[in-house]
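For this chain, numbers begin at 1 and follow the sequence in order. Just so it is clear, the structure is predicted and the values come from calculations on it, not from any experiment. Side-chain atoms are counted along with the backbone in the values below, which use heavy atoms only and exclude waters and symmetry mates.
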Amino acid sequence: QLTLVESGGALVQPGGSLRLSCTASEQIFNNYPMGWFRQAPGKERLFVAAMNWNGVNTHYRDSVKGRFTISLDNAKNTVYLEMNSLKPEDTAVYYCAATPGPGLFIAKDAYSWWGQGTQVTVSS
């Protein structure tokens with residue numbers, strides 16, 4: 001059973017930056033495509049970013065392109081979401097997810113394992 005643990009959420013001012021981490025209990029490289037999703041209060045869980053199982057291919061939702069970056073540290077079995085130029089509308093609980101590979105997936109139903117989430121609040 002794969003487990004995922006997120007960290008890095010915080011309260012940050014508009015225009016600020018955060019880096020979220022998602023550490024897996026098994027090797028991600030060449031095993032698990034990964035994704036980041038977010039869910040604001042009363043809203044559905046939305047796709048944010050995804051990568052294939054070696055981190056070479058990535059995809060982002062339009063509203064975060066150029067501001068967010070998903071990346072993989074093979075040695076640490078950790079996927080990061082680097083978030084810059086944060087906006088109040090980025091406020092949400094952020095979840096990482098994994099699924100058996102290969103491929104790159106943007107639908108939440110494609111993912112088999114989820115972390116517990118980490119809160120990101122963008123406010124002055």
Side-chain angles (χ1 to χ4, degrees):
Q1 176 77 3
L2 180 69
T3 60
L4 304 171
V5 179
E6 300 107 331
S7 62
L11 170 64
V12 62
Q13 293 188 341
S17 297
L18 278 177
R19 187 178 75 164
L20 305 183
S21 301
C22 172
T23 300
S25 58
E26 300 175 17
Q27 180 176 298
I28 296 172
F29 185 75
N30 280 354
N31 285 312
Y32 301 105
M34 301 291 293
W36 284 96
F37 291 76
R38 67 187 182 190
Q39 188 166 18
K43 302 284 185 66
E44 65 176 317
R45 190 170 298 189
L46 298 176
F47 166 77
V48 175
M51 53 177 275
N52 70 334
W53 64 7
N54 58 20
V56 171
N57 297 319
T58 59
H59 187 73
Y60 301 89
R61 71 179 298 105
D62 286 346
S63 62
V64 307
K65 284 180 182 177
R67 300 189 298 124
F68 290 13
T69 303
I70 186 171
S71 62
L72 171 65
D73 185 327
N74 298 337
K76 296 182 179 180
N77 291 335
T78 298
V79 174
Y80 300 102
L81 185 68
E82 186 78 34
M83 306 187 295
N84 299 310
S85 302
L86 282 161
K87 305 175 181 180
E89 51 265 42
D90 294 319
T91 295
V93 177
Y94 282 71
Y95 299 89
C96 71
T99 198
L104 187 154
F105 305 96
I106 64 173
K108 59 181 182 291
D109 292 344
Y111 287 88
S112 301
W113 298 281
W114 293 82
Q116 82 287 354
T118 186
Q119 176 71 47
V120 172
T121 303
V122 184
S123 175
S124 54

To the nearest 0.5 Å, how far apart are CD1 in Ile28 and CE in Met34? 4.0 Å
Should Tyr94 and Phe47 be counted in the same cluster of Ile, Leu, Val, Met, Phe, Trp and Tyr side chains packed under 4.5 Å apart? no
Thr99 side chain to Ala110 backbone, donor-acceptor under 3.5 Å: yes
Check Tyr111, Trp113, Phe105 against Tyr32 for a ring-ring contact (aromatic ring centres under 6.0 Å, His included) and give me the one that passes. Trp113
Under 3.5 Å, is there a donor-acceptor pair between the side chain of Glu6 and the main chain of Cys96? yes
Side chains of Thr91 and Glu89: do they bring a donor and an acceptor to under 3.5 Å? no
Gly117 versus Val93, closest heavy-atom pair with distance: CA-CG1, 3.8 Å
Indicate yes or no for a side-chain donor-acceptor contact from Thr78 to the backbone of Asp73 under 3.5 Å, with no hydrogens or angles considered. no
Has Asp90 got a side-chain atom pairing as donor or acceptor with Leu86's backbone, closer than 3.5 angstrom? no
Could you state whether Met51 and Phe29 fall into the same hydrophobic cluster, counting links through intermediate Ile, Leu, Val, Met, Phe, Trp or Tyr residues with side-chain heavy atoms under 4.5 angstrom apart? yes
Nearest 0.5 Å, what's the CE-CZ distance between Met83 and Arg38? 9.0 Å
Would a 4.5 Å heavy-atom cut-off, applied to side chains only, mark Ser123 and Pro88 as touching? no
If you round to the nearest 0.5 Å, how far is CG of Leu18 from CD of Glu82? 8.5 Å
Decide yes or no for Tyr80 and Cys22: does some side-chain heavy atom of the first lie under 4.5 Å from some side-chain heavy atom of the second? no
Ion pair check, Lys65 and Asp62, cut-off under 4.0 Å: yes
If you take the centroid of each ring, where Trp contributes its six-membered ring, are Phe37 and Trp114 closer together than 6.0 Å? yes
Student check: side-chain heavy atoms of Pro33 and Pro102 closer than 4.5 Å: no
Nearest heavy-atom approach of Ser7 to Thr118 is C-OG1, 4.1 Å
Is Leu20 reachable from Leu11 through a run of hydrophobic residues whose side-chain heavy atoms are each under 4.5 Å from the next? no
Between Lys43 and Gln39, which heavy-atom pair has the shortest distance, and what is it? O-NE2, 3.1 Å
Can you check whether Asn31's main-chain N or O pairs, donor with acceptor, with Gln27's side chain at less than 3.5 Å? no
Sorted by chain and residue number, the ring-ring contact (aromatic ring centres under 6.0 Å, His included) partners of Tyr95 (sequence neighbours excluded) come out as none
Exercise: identify the closest heavy-atom pair between Gly9 and Val120: CA-CG2, 4.1 Å
NZ (Lys87) and CZ (Arg67) are apart, to the nearest 0.5 Å, by 4.5 Å
Report yes if some heavy atom in the side chain of Val79 is under 4.5 Å from a heavy atom in the side chain of Ile70; otherwise report no. yes
Does Tyr60 reach the side chain of Val48, with side-chain heavy atoms less than 4.5 Å apart? no
Hey, could you give me each pair passing side-chain hydrogen bond (donor to acceptor under 3.5 Å, both in side chains) that has a residue in residues 9-22? Not counting sequence neighbours. Ser17-Asn84
What distance do Leu72 atom CG and Thr58 atom OG1 have between them, rounded to the nearest 0.5 Å? 12.0 Å
So do the side chains of Lys108 and Leu46 get within less than 4.5 Å of each other, counting heavy atoms only? no
Output for pair (Leu104 CG, Asn52 CG), nearest 0.5 Å, gives 6.0 Å
By ring-ring contact (aromatic ring centres under 6.0 Å, His included), Trp53 pairs with (sequence neighbours left out) none
